[in-house]
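To keep things clear, I will list the structure first and then write my remarks on it.
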Amino acid sequence: MISQLSWKVGGQQGEGIESTGEIFSTAMNRMGYHLYGYRHFSSRIKGGHTNNKIRVSTQPLRAISDVLDMLVAFDQETIDLNAYELREGGIIIADAKFNPTLPEGLKPVRLLSVPLTQIADELGTSLMKNMVSIGATSAILGISVESYRNIVEDMFLRKGEKVVEKNMEAIAKGAEFVTGIVGGQLPDFQLEKPVTDGQTRLFMIGNDAIALGAVAAGVRFMPAYPITPASEVMEYLIKKLPKFGGTVIQTEDEIAAITMAIGGAYAGARTLTASSGPGLSLMMEAIGLAGMTETPVVIVDTQRGGPSTGLPTKIEQSDFMAMIYGTHGEIPKVVLAPSTVEECFYDAVEAFNIAEEYQVPVILMTDIALSLGKQTTDPLDFSKVEIRRGKLMTGDLPEIPADQLFKRYELTEDGISPRSIPGQKYGIHHVTGVEHDQTGRPSESPINRNQQTNKRLGKISTVESTFKNPVLVDAPHQEADVLIIGINSTGGTIQEAKARLEQEGFTVNHAHIRLVHPFPTNTLKPLIEKARKVVVIENNATGQISSLLKMNLGNAEKIEMVMKYDGNPFLPNDIYTGVKGLIKRGDVQRVSQ
């Protein structure tokens with residue numbers, strides 16, 4: 001028996017690859033298994049190779065696996081591109097329609113040619129070949145056909161009972177055909193039963209968790225422009241926000257989106273916009289306006305391959321410097337970096353609290369593996385959701401003389417001024433993007449300039465001490481051979497590599513950054529000081545996280561990098577081999593496949 005399984009389905013975009021993976025993974029999730037998925041897809045509407053790799057385990061996991069146990073192939077290209085991942089003894093279930101063949105030099109694997117399309121055609125439509133492939137998979141794993149009934153009903157009952165039964169028949173026919181080939185479940189593909197604790201776990205992508213967190217945080221307005229891989233945040237809120245009296249507006253571009261978000265926030269609503277690198281670039285001037293006017297707004301940046309259009313459907317972590325320094329001039333902002341789906345939810349809530357407490361723009365940064373990769377997560381605890389609105393003035397404001405204005409930008413001890421919203425009596429003030437005095441009136445006084453600049457920049461100095469877990473720390477060793485530092489989706493992958501290194505006798509600590517700006521210097525400093533070497537894992541070509549470490553903490557002689565920027569996520573073995581090589585040789589490793 002095995003405790004985990006790595007399964008992948010691939011074919012041309014538009015062939016139902018995503019739905020095939022969705023059905024299989026939903027069934028495994030409902031059985032109580034833990035899952036982690038990653039989608040590889042082309043930047044076009046239809047056509048181009050796509051695949052969905054899903055790891056199933058009896059224990060929690062947060063990384064895709066190095067090897068593959070089973071590959072479902074709808075075309076020869078899927079075999080040619082992905083068969084090298086199969087372990088010895090792995091299985092390929094291939095549609096007999098294209099006369100599948102194995103590439104030369106492949107390790108011993110078993111190829112099952114199954115008439116997926118033919119069986120589907122005989123049932124009425126070739127579209128059901130994905131259901132036939134689900135049945136074929138289930139025969140090898142020993143999963144009963146009836147395990148899929150509830151899922152199929154959820155998907156197709158609105159189209160009628162006949163459609164449900166046709167799809168169930170397709171699954172049964174696929175299982176029947178493969179059982180005739182292999183004779184039933186194979187011992188080395190028999191999954192151990194999951195340990196059930198009575199919980200119904202969620203299986204969701206990071207974008208949906210962010211959107212749900214926004215709803216829980218009280219967001220009622222989202223202007224946004226669709227862009228891969230951020231669109232799911234908008235699509236989720238289009239369905240949900242109207243139920244709570246909220247509104248989503250698809251704007252003409254990202255410039256309109258951010259300026260409308262600023263307007264909504266100025267009016268007192270919690271507002272959100274979401275984009276990716278190209279959209280973030282367009283937003284920069286307006287983000288500067290939010291910083292100057294001290295307007296709380298939240299921007300989600302789902303990083304993808306750049307620059308320009310770049311690799312819009314592939315992973316990269318290369319927006320750090322843009323997020324921190326992209327605006328002209330100097331403004332306060334906060335950048336958060338969740339590393340799991342669960343953190344996406346809670347950090348989305350906290351992003352709005354921070355934005356309003358410090359009256360700054362907050363960027364919630366993810367990467368495509370976290371945004372679109374699906375993960376099993378424990379039920380979310382809504383009792384942990386806390387709404388903090390900072391110095392937002394409510395009710396009647398103190399009376400002021402008719403010839404005076406409300407001190408919206410008042411110089412206070414903590415740098416955070418009282419905030420009124422339009423319509424409040426005695427709350428009227430000027431709002432302008434030019435430098436201003438305490439009431440918002442334009443001012444070019446050198447003394448006022450120093451006071452307002454110091455006020456704005458100084459008020460975020462306490463974020464590191466108030467944000468929960470600015471760095472996730474797994475540091476059992478007082479003196480470690482290596483401290484591995486990562487961010488966003490690399491957390492689980494680093495943990496698996498760390499376990500392998502420690503099995504070989506190395507002492508390894510792990511720090512995962514969740515607060516990017518202001519940089520968590522105080523938290524990271526003692527970890528770096530007690531490590532002989534620091535290795536930063538980052539999906540970019542210029543070492544942006546490493547540069548931030550050196551800028552804020554020094555110790556440049558200790559800091560090395562394992563970088564990957566070919567559009568693919570890190571695998572555990574990438575990090576294991578890269579870090580091990582650096583411990584022994586002291587060279588920078590660039591991983592490019």
Side-chain angles (χ1 to χ4, degrees), residues 13-14 16-19 21-23 25-26 29 35-46 50-54 155 202-217 219 221-244 246-251 254 257 261 271-280 283 298-305 311-316 319 336-349 351 363-377 380 488-489 569:
Q13 202 151 279
I17 305 303
E18 185 175 354
S19 62
E22 184 73 12
I23 295 164
S25 57
T26 300
N29 181 64
L35 296 99
Y36 189 97
Y38 180 76
R39 289 171 51 208
H40 171 105
F41 59 106
S42 299
S43 54
R44 57 182 103 169
I45 295 172
K46 190 172 183 179
T50 182
N51 64 63
N52 196 346
K53 187 175 184 180
I54 297 166
M155 294 180 68
L202 302 172
F203 184 53
M204 63 195 307
I205 62 174
N207 278 348
D208 285 353
I210 289 171
L212 180 58
V215 174
V219 169
F221 180 47
M222 182 193 188
Y225 185 78
I227 185 171
T228 301
S231 296
E232 287 79 6
V233 178
M234 183 182 184
E235 291 166 3
Y236 184 99
L237 291 176
I238 284 171
K239 298 174 184 176
K240 302 297 182 184
L241 270 194
K243 298 179 181 179
F244 298 92
T247 301
V248 176
I249 294 178
Q250 180 174 324
T251 58
E254 290 86 353
T271 63
L272 168 76
T273 191
S275 192
S276 190
L280 186 72
M283 293 181 184
V298 175
I299 305 110
V300 176
D301 176 32
T302 54
Q303 297 176 96
R304 71 187 207 185
L311 295 173
T313 62
K314 305 298 185 291
I315 188 171
E316 198 162 275
D319 291 355
L336 306 179
S339 63
T340 66
V341 163
E342 184 178 25
E343 288 173 19
C344 283
F345 171 80
Y346 293 114
D347 286 1
V349 175
I363 300 176
L364 188 64
M365 174 188 72
T366 66
D367 58 40
I368 197 170
L370 180 56
S371 291
L372 298 184
K374 220 163 186 181
Q375 303 175 26
T376 299
T377 188
L380 301 170
N488 280 149
S489 64

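Fair warning: this is a prediction, and the values are worked out from it, not measured in the lab.
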Just to verify, what does [X] make a side-chain hydrogen bond (donor to acceptor under 3.5 Å, both in side chains) with, not counting sequence neighbours?
| X | answer |
| --- | --- |
| D347 | R514 |
| S275 | none |
| E22 | K374 |
| E254 | none |

Restricting to side-chain contact (heavy atoms from CB on, under 4.5 Å), what partner residues turn up for [X], sequence neighbours left out?
| X | result |
| --- | --- |
| A214 | V219, L272, F352 |
| S19 | N130 |
| A369 | Y38, I315, D367, S489 |
| S25 | L35, I54, F203 |

Side-chain donor-acceptor pairs under 3.5 Å in residues 232-243, sequence neighbours left out?
from : atom 1 : to   : atom 2 : distance (Å)
E232 : OE1    : N207 : ND2    : 3.2

Residue list, salt bridge (charged side-chain N to carboxylate O under 4.0 Å, His left out) with E18, at least two apart or on another chain: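 Testing E18 for salt bridge (charged side-chain N to carboxylate O under 4.0 Å, His left out), a comparison that skips the adjacent residues, returns R39.
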
Which atom pairs, donor and acceptor, lie under 3.5 Å between side-chain atoms of residues 222-229 and protein residues at least two apart or in another chain?
none

V341 versus L370, closest heavy-atom pair with distance: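 Reported closest heavy-atom pair: N-CD1, 3.9 Å.
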
